[in-house]
Amino acid sequence: MLMITPRILHRLHCKKWSFFTYHHYSYHHHTPNNHLPVPLPPTIHLSRICKHPTTVKTLHASLIISGHPPDTTLISLYASFGFLRHARTLFHRLPSPTHHSFKLIIRWHFLNDVHSHVVSFYNLARTTLGSFNDLVVFSILLKTASQLRDIVLTTKLHCNILKSNAADSFVLTSLVDAYSKCGKLRDARKVFDEIPDRSVVSWTSMIVAYVQNECAEEGLMLFNRMREGFLDGNVFTVGSLVTACTKLGCLHQGKWVHGYVIKNGIEINSYLATSLLNMYVKCGDIGDARSVFDEFSVSTCGGGDDLVFWTAMIVGYTQRGYPQAALELFTDKKWYRILPNSVTLASLLSACAQLENIVMGKLLHVLVVKYGLDDTSLRNSLVDMYAKCGLIPDAHYVFATTVDKDVVSWNSVISGYAQSGSAYEALDLFNRMRMESFLPDAVTVVGVLSACASVGAHQIGLSLHGFALKYGLVSSSIYVGTALLNFYAKCGDATSARMVFDGMGEKNAVTWAAMIGGCGMQGDGVGSLALFRDMLKEELVPNEVVFTTLLAACSHSGMVEEGLMIFDFMCKELNFVPSMKHYACMVDLLARAGNLQEALDFIDKMPVQPGVGVFGAFLHGCGLHSNFDFGEVAIRRMLELHPDQACYYVLISNLYASDGRWGMVKEVREMIKQRGLNKVPGVSLVEMDVNNTTHVNVAV
DNA sequence: CTAGGGTTAG
């Protein structure tokens, strides 16, 4: 048994009771130092000596031996070491639990995030004691309600607080937050308006409520009202203002807030730095984001330790098209102390997918497993990464070994197959998905439709259209409409494509491109041009895909003049830099129409080195017009540029095959074998021309 | 009592 001397007893009692109190209330509730101690149960003194979990049990044992019943302090002690179940059992044995003991047991459960017991002890206290009005407990319960997004509990607490007549601005501010987290903006505002002495925290809580409930603009306006009362925001306030600007895409206002932070000397912590960084990523320049990143990681010694901050920069690079920079930041030695979490890894996997960097991708896979972050959503990212890197078997393996597949799992693997040219496997997976009773969503429909479009699976596409209509996916997503339209166009059903197009409420450049391409495929170049004019009338900015399909449409309809005009318009009026595809389309346009010399001149004038597609188009034209002199010129120049690319030989072979010179085709094939080139395409493609002549591109 | 980062699609 431990011996307690009077000296120890006095010293113990003079200490503040901060151990049992809660935040700002602690100052009002502790026992004043100059009071003589009332006789206290032995556990209060002994509890000070308990520094280790096992000593609690020793204490408990000695209490039993000395005949003392377990009391609140012992229970508290058990709870403080995390033995909550034990604490609960003893609590329920208390002959008459007091207000104070309820308060303690609630607090310990709250600190250990055991929400259900926080609520049940509160209810028990109210039935046992009749009423239970305590500002500390109200704060704890409101925080619990806020975390659980429990509107029933929030409303009940609101009633009890009003009934208790003891509400102060702290509790009301918590109530604003609880209503806000439950998505009840109006109720939050009502409570806010009732707070008599609003602090910066009250204002901030209300601003946060607006920003988090998709009313960012109101949040900014409330900040203006706050400043009318000559109240300045703190680091929390400006943080939510920056988030508001991010959500609204307001770079200008965001910069103003950044200036306000500097002007008011608000110290930037990692939360605010992350918000600012993210604001620049989403509405501004990646360079500005990097400035914030550098400034904060230099100015604060410990600032470089923040995982979320570091991740935000990685995400920024990944989202804004700098995947290489994201990987470099990840491998930067300066940040080696920080371990990535699932958010970091998800973003990095996306960066690898963009770069098709399979080495880093596999390394990240190892990290996912090593850190035990192997959840469904990360597995989905892995599936996507493997698929985009062309490792379909690996993608399928990760998918197949995922225990809790969700819709995204199926979508990722289906889209992966569809985009890597394995349309039939994609369709097969879609069947399996339905057999396993998964409900497809808009993304599924888009993926499967693109598979259908590429192999002309008309029936399946039709049933998907029905499905999409039934579940209202066509009107809900512009992607679904575009995919449907693209599907009908690729299957040669221009009427249905047009019907889908006309029925779509909202259209973007991709939608228009699909429709322009649909007309072009039917040989209706005039229709394509008319659509393009309509598109400009609706003040939509065409993208490079629109011009690619438009030029292809002109080419297929023999509209050389129009094609040249459009190319000019694209380069000179809109300042587009033509891509290799655009050049190929132009050469195709000229060569197909028989203007071979002009096409060759065009190639000579190109500011970049012509690629495969450009020569392919030219050779195709040579074949169409049986002009082998020009064809051989092109062949020689191709061989000079890239003597060891198998695809060129395929083009040459196609040229001879188009004229039925099978002997030459055989010779070229021999040449490929001799040079040890083995990249042989495995499909043959049948294409109908406008002149109704059939060209067969023979696989070599 | 108030605050930060993501992955699937045309």
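Note: hydrogens, waters and symmetry copies are ignored here, and every other heavy atom, side chains too, is used.
Side chain of A:Leu378, nearest nucleotide from B:dG4, B:dT8, B:dG6: B:dG6. With distances taken from any side-chain atom of A:Thr274 to the nucleotides B:dA9, B:dG5, B:dG6, the minimum falls on B:dG5. Of the candidates B:dT2, B:dG5, B:dC1, the closest approach to any side-chain atom of A:Ser174 belongs to B:dC1. Ranking B:dA3, B:dA9, B:dG5 by closeness to the A:Tyr479 side chain, first place goes to B:dA9.
Defined by atom type and a distance below 3.5 Å, a donor-acceptor pair is missing between the side-chain atoms of A:Thr402 and A:Ser409. Using modelled atom types and a 3.5 Å distance limit, the side chains of A:Ser202 and A:Ser205 yield no donor-acceptor pair.
The stretch residues 498-507 of chain A has no heavy atom under 4.0 Å from DNA chain B, so no residue of it qualifies as close. Looking at residues 407-418 of chain A, you'll see A:Val408, A:Asn411, A:Ser415 sit with a heavy atom under 4.0 Å from some atom of DNA chain B.
When the side-chain nitrogen and oxygen atoms of A:Gln212 are compared with OP1 and OP2 of B:dT2, none of them lie within a distance under 4.0 Å. In this model, the phosphate group of B:dT2 is approached by a side-chain N or O of A:Lys143 to a distance below 4.0 Å at OP1 or OP2. Close to B:dT7, at under 4.0 Å from its OP1 or OP2, lies a side-chain N or O of A:Gln319. Taking 4.0 angstrom as the limit, A:Lys388 places a side-chain polar atom (N or O) nearer than this to OP1 or OP2 of B:dA9. Contact annotation: A:Lys282 reaches the phosphate of B:dG6 (side-chain N/O to OP1 or OP2, under 4.0 Å). For B:dG5, the OP1/OP2 oxygens have a side-chain nitrogen or oxygen of A:Asn278 closer than 4.0 Å.
Among residues two or more places apart in sequence or in another chain, the side chain to side chain donor-acceptor pair (under 3.5 Å) test is passed with A:Thr311 by A:Thr344. Evaluation of the side chain to side chain donor-acceptor pair (under 3.5 Å) rule for A:Asp384 yields A:Lys388 as partners, not counting sequence neighbours.
Using a 4.5 Å heavy-atom threshold, the side chains of A:Tyr280 and A:Asp285 count as separate.
Here B:dT2 presents its C1' atom at 7 Å from CG of A:Asn234, a figure rounded to the nearest Å. A:Asp375 has its CG atom 15 Å from the P atom of B:dT8, to the nearest Å. Protein atom CE of A:Met433 is 14 Å distant from nucleotide atom P of B:dA9, rounded to whole Å. Whole-Å rounding puts the A:Lys181 NZ to B:dT2 P distance at 7 Å. What separates NZ of A:Lys405 from P of B:dT8 is a distance of 20 Å, to the nearest Å. Protein atom CZ of A:Arg198 is 21 Å distant from nucleotide atom P of B:dC1, rounded to whole Å. The CD1-P distance, from A:Ile338 to B:dG4, rounds to 19 Å in whole Å. Between the P atom of B:dG5 and the CG atom of A:Leu276 lies a distance of 12 Å, rounded to the nearest Å.
When heavy atoms are screened at a 4.0 angstrom cut-off, A:Val308 is found touching base atoms of the nucleic acid. Residue contacts for A:Ser377: at a heavy-atom cut-off of 4.0 Å it reaches a base atom on one of the strands shown. In this structure, A:Asp384 reaches the sugar-phosphate backbone alone: every heavy-atom distance under 4.0 Å involves primed, P, OP1 or OP2 atoms, never a base. Counting non-hydrogen atoms under 4.0 angstrom, A:Thr237 reaches nothing in the nucleic acid. At the heavy-atom level, A:Val446 lies under 4.0 Å from the strands shown only through sugar-phosphate atoms.
Around the CZ atom of A:Phe438, the shell of radius 6.0 Å holds more than 12 heavy atoms that belong to other residues, nucleotides or ligands.
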Using a 3.5 Å cut-off and no angle test, enumerate the donor-acceptor pairs between side-chain atoms of residues 361-370 of chain A and protein atoms at least two apart in sequence or in another chain.
| unit_1 | atom_1 | unit_2 | atom_2 | d |
| --- | --- | --- | --- | --- |
| A:His365 | ND1 | A:Tyr386 | OH | 2.7 |

Residues 271-279 of chain A, side-chain donor-acceptor partners within the protein, below 3.5 Å, at least two apart:
| unit_1 | atom_1 | unit_2 | atom_2 | d |
| --- | --- | --- | --- | --- |
| A:Thr274 | OG1 | A:Ser270 | O | 2.5 |
| A:Ser275 | OG | A:Tyr271 | O | 3.1 |
| A:Asn278 | OD1 | A:Lys282 | NZ | 2.9 |

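A stacked arrangement is not assigned to A:Phe236 and the six-membered base ring of B:dA3, the conditions of a centre distance below 5.5 Å and an interplanar angle below 30° not being jointly met. Judged by centroid separation below 5.5 Å and plane tilt below 30°, A:Phe170 does not stack onto the base of B:dC1.
Remark: side-chain polar atoms of A:Arg379 are paired, donor with acceptor, to backbone N or O of A:Val398 under 3.5 angstrom. Under a 3.5 Å cut-off, the side chain of A:Lys507 and the backbone N or O of A:Trp512 do not form any donor-acceptor pair.
A donor-acceptor contact under 3.5 Å links the side chain of A:Asp306 to the base of B:dG4.
The minimum heavy-atom distance linking A:Thr482 with A:Ala514 is given by the pair CG2-CB, 4.4 Å.
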